[in-house]
Amino acid sequence: MITKEEVIKIGKLQKSYGIKGEISFVFDKSAYADIDTEFYFLDIDGIFVPFLLEEITFITDTNARVKFEDIDNETRAAKFANLHVFLLRKQVSENLTDEKLDWDFFIGYTVFDQHLRNLGTIESVDSATINILFIIKKGEEELLIPATEDFIISINDEQQTLHMKLPEGLID
């Protein structure tokens with residue numbers, strides 16, 4: 001079974017389109033649309049279910065119509081409206097260059113500081129301002145740490161860990 005840590009959200013299905021079972025799909029970023037894949041995972045009641053891709057027709061760089069195998073009418077397609085779409089993290093990291101990866105890729109990673117203290121897990125990324133922040137949670141505590149390459153010492157994708165050298169006083 002695929003776990004939440006193994007996938008990354010790449011978009012959302014919208015509404016059914018036409019009578020052949022096509023569904024409107026909006027990618028979160030155009031870089032995700034460039035990834036060639038045979039299937040997508042849909043989050044159905046907390047379970048990541050793979051759906052084989054029969055056809056995809058791009059409308060813009062972030063909008064497409066998808067036709068999944070075995071979904072052959074608008075009634076069945078409508079049941080999948082508003083579901084989030086995922087790909088395996090491994091697939092995303094193998095297919096995107098470092099320039100196209102964004103900070104959302106690190107959601108679910110555990111962050112350690114330069115003293116090897118576990119600061120918690122990246123729950124989300126706040127990109128509402130020019131200074132992008134990791135929102136890190138450990139228990140009830142929440143830390144806001146700038147998402148910048150300057151602070152990152154190392155990244156381990158297999159263990160999903162991020163080691164950072166943080167300025168004194170930032171987390172105190």
Side-chain angles (χ1 to χ4, degrees), residues 1-17 20-58 61-112 118-127 132-139 142 147 152 154-164:
M1 189 163 93
I2 301 296
T3 65
K4 186 175 184 175
E5 291 76 29
E6 295 176 274
V7 294
I8 184 169
K9 182 175 142 329
I10 62 158
K12 188 174 183 179
L13 296 177
Q14 299 293 309
K15 59 183 179 172
S16 61
Y17 181 89
K20 295 180 181 178
E22 290 181 307
I23 307 169
S24 296
F25 178 18
V26 178
F27 289 90
D28 289 343
K29 305 201 180 313
S30 61
Y32 295 149
D34 293 338
I35 297 173
D36 189 28
T37 186
E38 294 179 11
F39 58 89
Y40 290 111
F41 291 93
L42 301 183
D43 181 359
I44 300 175
D45 298 327
I47 298 172
F48 298 99
V49 181
F51 281 79
L52 288 172
L53 190 59
E54 191 174 296
E55 187 179 334
I56 187 164
T57 306
F58 284 93
D61 61 342
T62 57
N63 292 339
R65 287 191 310 266
V66 293
K67 169 78 174 72
F68 293 115
E69 200 170 274
D70 299 327
I71 298 176
D72 51 7
N73 62 53
E74 107 180 81
T75 305
R76 284 209 59 201
K79 293 178 183 178
F80 298 99
N82 298 316
L83 290 181
H84 292 283
V85 180
F86 297 82
L87 276 176
L88 293 172
R89 282 183 180 277
K90 182 179 175 183
Q91 246 181 311
V92 173
S93 64
E94 287 173 355
N95 284 283
L96 295 182
T97 59
D98 288 341
E99 302 88 56
K100 289 189 175 182
L101 277 178
D102 65 357
W103 296 113
D104 289 338
F105 181 80
F106 298 106
I107 292 173
Y109 277 50
T110 303
V111 178
F112 293 90
N118 181 340
L119 301 179
T121 303
I122 300 172
E123 291 286 317
S124 61
V125 176
D126 180 355
S127 56
I132 298 171
L133 300 171
F134 287 135
I135 299 172
I136 300 172
K137 288 197 177 177
K138 185 173 184 181
E142 182 177 277
I152 297 174
S154 67
I155 300 167
N156 186 322
D157 289 324
E158 267 184 38
Q159 296 178 354
Q160 290 194 326
T161 58
L162 202 61
H163 289 264
M164 301 181 83

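Sequence positions, counted from 1, serve as the residue numbers for this chain.
Scanning both residues, Leu162 and Phe134, for their nearest heavy atoms gives CD2-CE1, 3.8 Å. Closest heavy-atom contact between Pro50 and Phe39: CB-CD1, 4.3 Å. Among all heavy-atom pairs drawn from Ala77 and Ser16, the shortest one is CB-CB, 3.7 Å. Of all non-hydrogen atoms in Val92 and Tyr32, the two that sit nearest each other are CG1-CE2, 4.1 Å.
We find that Glu123 and Lys137 are not joined by a salt bridge, their nearest charged nitrogen and carboxylate oxygen being 4.0 Å or further apart.
Note that CD1 of Ile35 and CD of Gln91 are 7.0 Å apart. Values are rounded to the nearest 0.5 Å. Rounding to the nearest 0.5 Å gives a distance of 5.5 Å between CZ of Phe106 and CD1 of Ile152. Atom CG of residue Asp34 and atom CZ of residue Phe58 lie 7.5 Å apart, to the nearest 0.5 angstrom. For the atom pair CD of Gln14 and CZ of Phe80, the computed distance is 15.5 Å after rounding to the nearest 0.5 Å. If you take CZ on Phe86 and CG on Asp43, they are separated by 5.0 Å, rounding to the nearest 0.5 Å. Note that NE2 of His163 and OG1 of Thr110 are 9.5 Å apart. Values are rounded to the nearest 0.5 Å.
A side-chain contact (heavy atoms from CB on, under 4.5 Å) with Phe48 holds for exactly one of Leu88, Ile2, Leu42, Thr3; it is Ile2.
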What verdict does the side-chain contact (heavy atoms from CB on, under 4.5 Å) test give for Ile56 and Tyr40, after you've listed the backbone C-alpha separation in whole Å, the side-chain angles of each residue and the deciding distance to 0.1 Å? CA-CA 12 Å; Ile56 187 164; Tyr40 290 111; 4.0 Å; yes

Going through the checks in order, is the side-chain contact (heavy atoms from CB on, under 4.5 Å) test met by Val125 and Ile107? CA-CA 7 Å; Val125 176; Ile107 292 173; 4.1 Å; yes

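Phe51 has its side chain within reach of Ile44: a pair of non-hydrogen atoms, C-beta onward, lies under 4.5 Å apart. Two residues are said to be in side-chain contact when any heavy atoms from C-beta on lie closer than 4.5 Å; Ile135 and Glu142 meet this criterion. A heavy-atom distance below 4.5 Å is not found between the side chains of Glu6 and Phe41.
Under a cut-off of 6.0 angstrom, the local environment of OH in Tyr17 is sparse, with at most 12 non-hydrogen atoms contributed by other residues, nucleotides or ligands.
With sequence neighbours left out, the side chain to side chain donor-acceptor pair (under 3.5 Å) criterion links Ser30 to no other residue. For the side chain to side chain donor-acceptor pair (under 3.5 Å) test, residues two or more places apart in sequence or in another chain that qualify with Lys9 are Asp28.
Pairs passing the salt bridge (Lys or Arg N to Asp or Glu O under 4.0 Å) check and including a residue from residues 67-81, sequence neighbours excluded, read Glu54-Lys67.
Ring-plane geometry between Phe25 and Phe27 is classed as tilted, the angle between the planes lying from 30 to 60 degrees on a 0 to 90 degree scale.
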